[in-house]
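Structure record follows, encoded as structure tokens.
FYI, side chains are in, hydrogens and waters are out, and symmetry mates aren't considered; it's all heavy atoms of this structure. Each chain gets a letter, A, B and so on, in the order its sequence line appears, and its residues count up from 1.
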Amino acid sequence: MDLLNAFVLFSNFVLVPGVVYGSQLALGALGVTLVYAVLRFSNFAHGDLMAFGTAGVILFTWWLQSMGVSAGPLPTALIALPVGILAAVLMSLLMDRTVYSFYRKQRSAPVVFVIASVGVMFVLNGLTRLIIGPDDQRFADGERFIIRARDFEAWSGLEEGLALRTTQVLTVVVAIIIVIALFRFLNHSRMGKAMRAYSDNEDLALLSGIDPAKVVFWTWVIAAGLATVAGTLYGLDKSFKPFTYFQLLLPIFAAAIVGGIGNPVGAIAGGFVVAFSEVTVTYAYRRVVEYVVPGWEPDGLLQLLSTDYKFAVSFLILVVVLLVRPTGLFRGKVI
Amino acid sequence: MSQPLRIVLLYSAMLAAIAAVGLVQSWPLALSILNLCLISAIMALGVNMQWGYGGLFNVGIMGFAALGGVAGVLVSQAPRPEAWAAGGVGLVSALLSLGVTVVLASYGRKLLPEKLRGIGTVLIIVIGYFVMRRFFYPAVDAIEAQNPAQFGNIGGAGAPIILSWIVGGLFAAGAAWLIAKIALGLRSDYLAIATLGISEIIIAVLKNEDWLTRGVKNVSGLDRPVPYEIDLQRADWFIGWAQSLGMDTVEASTIFVRLCYAALFLGVLVILMWVAERALNSPWGRMMRAIRDNRDAAAAMGKDVTARHIQVFVLGSAVVGVAGAMLTTLDGQFTPGTYNPLRFTFLIWVMVIVGGSGNNWGAVLGGFLIWFTWVQAENWGPMAMEAVTGWMAADSALRAHLLDAAPHMRLFIMGLVLLVTLRFFPRGLVPEQVRR
């Protein structure tokens, strides 16, 4: 019984949040990794692209809510998602046309692209704050819980309850659907194959008649779509704040690199590695231990690191991967 | 236009702009802008060493500046023996065990047999971590319990704060060396990501480790290298001097203090500029440019590319650290909560790119120009927005929102300035000169 209690407690605070956060990071890292694979630079503007797309979703959600439209038990933001994606896609294409395409023609060094992406990051950051303001915004509605902690306790007779929020389940379901769709696209569609070919060997791909403009176009469409979905899911699950999204850049990069940058499977694995490391390292195990080892009352919280240091976890993972296996878990490109 | 003429013209225009603020708005304001311009110029100089000479992309400038600020606290705050008595032994033991762990782990990786290497290193680190915790947390609790409302930290060395400018440089250099050891030698993107991470971690540490810098409770009332206004206003010689100039004593004292700061900062800038120019025009500078422009060729000529990269990365970060310490000195307080990557990292980047990367005169000019614009845009943004939205109804919600949001125009405009310069004037206002 105590072991079951411990497991429920652990699931509630580590397992479920880890899976949810991991899915969000995986979607973000997929976007970064795709841009890296095709356009060959680390896109520093990805976090702010997430924020921009999500801001679009939020504004449209508010409008829908004011019109009395809702998705029943699901958050209204799901209906607004396509609008946000469209905004992010248009913005990405605009940025590509005005900024990146010039350096592509010049065949500039990757670091120039990175600096340009920093400029884009600034612009998007300013725009997002201009549109929706720098503050926290909550836009989740509909049914809050699928399983409430108290109901679970009553049903199972355990001391610990397991709560499952709608947004958590939604995140995982949406992430699975998107990932399946993305892999079907990459592996089976003509455009997906062209993208992979272009990423593997640009010259050879051009030689075999692949249109680079189309490849770049679809890369931005997918990256912006993934960014908006990831941002919206994160915002529904926690809350939306432009600065937090900028800070998500670090765990997202960490996830992409751990998995092997440029490798989509790696990005997903990396997302979960980073998420679980963050959650397990910053969780206070005191109560779990009290269940598992009866009669032992630890003095401290049994927390390895305070939650304020979650950035340190991403960074540490990065460093370890770099030292031990620079190409990442799934053999991405070396950066 | 020849380069010297261009420099003279641009610098005079810049000084004229600051003087105009003095005439139109007020002289204390103009001097406070000038002081921050000087500090920004030094930061830009540091970044220019890394990017302009070395071609290294560092987006962790905020972290190095903050480390300089820590030096300000640790050097100048009065020593607090009671805190050391309470937790000093534990703290030193924690640091020692950390050091031993690092040494053991790095030797372990070399000496252990192939099969045991990974697991052995992890084991050493895990054990070392728990040993460290054993000393660290009781010590920290003891220190933070000492007079927490006022202090609750270990205090400093009680030395003049001006020394912290050197110490801040050393702190930043040390951190830079560690990062460089790990991240340099790989592709440029990696350094960017690593420095971004480390700067966020440095700020997280400073916000949370109250025993060191009081965390978000801030350290205020730091020592000053210049006289206090209130003392000046009471000194007979100063009152006489102000009267002979026909100025109000209070305003005169503010101006005098800010001029003192300006003189100190200018001194540092001149020294650094002299060193930087000498270095750039020496064989070392030529070697750095050669490595930047074609690292393979430079390596083929027998230059140790990675070692030179580490060197220039450490030097540039040290300069940023010096500037960070100067900033804390000017503020008279250390507030970890105010460090923001947009203001402390990316704004400095805009300075270097706009000024002219690879050219020290350009970087310094960029520092002046961009800081000036940044500060003045605080007024211009809302003013412009006011004009743009003037036709709307006074109680319109959109207008209120736009006016509220106007300060964020700065970010947008700075991004635009960076992108436009990078695209159309990639060599900046004062381009790098290549001597044949």
Side-chain angles (χ1 to χ4, degrees), chain A residues 36 40-42 44-45 95 98-99 102-103 108-116 118-134 242-243 246-247 249-251 253-254 256-257 261 300 304 306 308-312 314-316 318-320 322-324 326 333-335, chain B residues 51 55-57 59 109 118 121-122 129-130 133 137 179 182-183 186-194 196-201 203-205 207-208 215 340-342 345-347 349-350 353 401-402 404-424 426:
Chain A
Y36 189 90
R40 298 187 167 79
F41 72 95
S42 310
F44 271 70
M95 288 299 157
T98 50
V99 180
F102 172 76
Y103 301 106
S108 302
V111 68
V112 176
F113 280 92
V114 177
I115 294 179
V118 166
V120 172
M121 179 190 94
F122 241 118
V123 168
L124 287 183
N125 196 304
L127 266 182
T128 310
R129 289 174 191 223
L130 207 58
I131 294 170
I132 202 165
F243 187 64
F246 162 76
Q247 286 186 314
L249 203 58
L250 190 65
F253 270 134
I257 291 172
I261 195 154
L304 285 173
S306 111
D308 305 301
Y309 289 135
K310 47 183 202 252
F311 295 124
S314 315
F315 183 75
L316 226 64
L318 263 180
V319 170
V320 170
L322 183 65
L323 290 175
V324 180
K333 298 170 194 294
V334 182
I335 82 165
Chain B
W51 170 244
L56 300 175
F57 187 48
V59 276
R109 266 185 75 75
T121 317
V122 170
Y129 173 77
F130 281 104
R133 272 179 78 104
Y137 283 101
I179 302 169
I182 298 169
L186 286 135
R187 227 188 80 158
S188 47
D189 302 30
Y190 194 82
L191 182 69
I193 297 166
L196 182 76
I198 204 95
S199 70
E200 292 285 352
I201 293 172
I203 300 301
V205 170
K207 276 184 185 162
N208 292 296
N340 171 335
L342 296 170
T345 298
F346 296 114
L347 197 64
W349 265 96
V350 179
I353 302 279
H401 173 80
L402 284 176
D404 264 355
H408 304 299
M409 284 293 284
R410 291 207 290 192
L411 295 175
F412 179 73
I413 292 171
M414 283 301 155
L416 224 53
V417 168
L418 178 64
L419 287 176
V420 168
T421 318
L422 202 61
R423 168 81 157 75
F424 296 103

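Contact annotation for B/Pro426: neither backbone nor side-chain heavy atoms come within less than 4.5 Å of a heavy atom of chain A. With a 4.5 Å cut-off on non-hydrogen atoms, B/Leu347 touches chain A through its backbone but not through its side chain. Both the backbone and the side chain of B/Leu411 come within contact range of chain A, each with at least one heavy atom under 4.5 Å from a heavy atom of that chain.
Remark: B/Ile413 pairs with B/Met409, B/Val417 by the side chain to side chain contact (heavy atoms under 4.5 Å, CB included) rule, at least two apart or across chains. In this structure, B/Thr345 has no side-chain hydrogen bond (donor to acceptor under 3.5 Å, both in side chains) partners at least two apart in sequence or on a different chain.
Closest heavy-atom contact between B/Pro341 and A/Phe246: CG-CE2, 3.3 Å. Closest non-hydrogen pair, B/Ile193 versus A/Ser42, comes out as CD1-OG, 4.2 Å. Across A/Leu127 and B/Phe412, no two heavy atoms sit closer than the pair CG-CE1, 3.7 Å.
One distance of note links CG of A/Leu318 with CD1 of B/Ile198; it measures 10.5 Å at 0.5 Å rounding.
Residue with the most contacts toward chain A among B/Tyr129, B/Trp349, B/Phe130, B/Tyr137: B/Tyr129 (heavy-atom pairs, distance under 4.5 Å). Of the listed residues B/Met414, B/Arg410, B/Arg133, the one with more heavy-atom pairs under 4.5 angstrom with chain A than any other is B/Arg133. Of the residues considered (A/Asn125, A/Leu249, A/Thr98, A/Val112), A/Asn125 shows the highest number of contacts with chain B, using heavy-atom pairs under 4.5 Å. Per-residue heavy-atom pair counts under 4.5 Å with chain B were compared for A/Ile132, A/Val123, A/Val99, and the maximum is reached by A/Val123. Contact tally against chain A (heavy-atom pairs below 4.5 Å) for B/Thr121, B/Asn340, B/Leu416, B/Val205: the top residue is B/Val205.
Counting only heavy atoms from C-beta outward, the side chains of B/Phe57 and A/Val114 approach each other to under 4.5 Å. No side-chain heavy atom of A/Phe122 sits under 4.5 Å from any side-chain heavy atom of B/Leu419.
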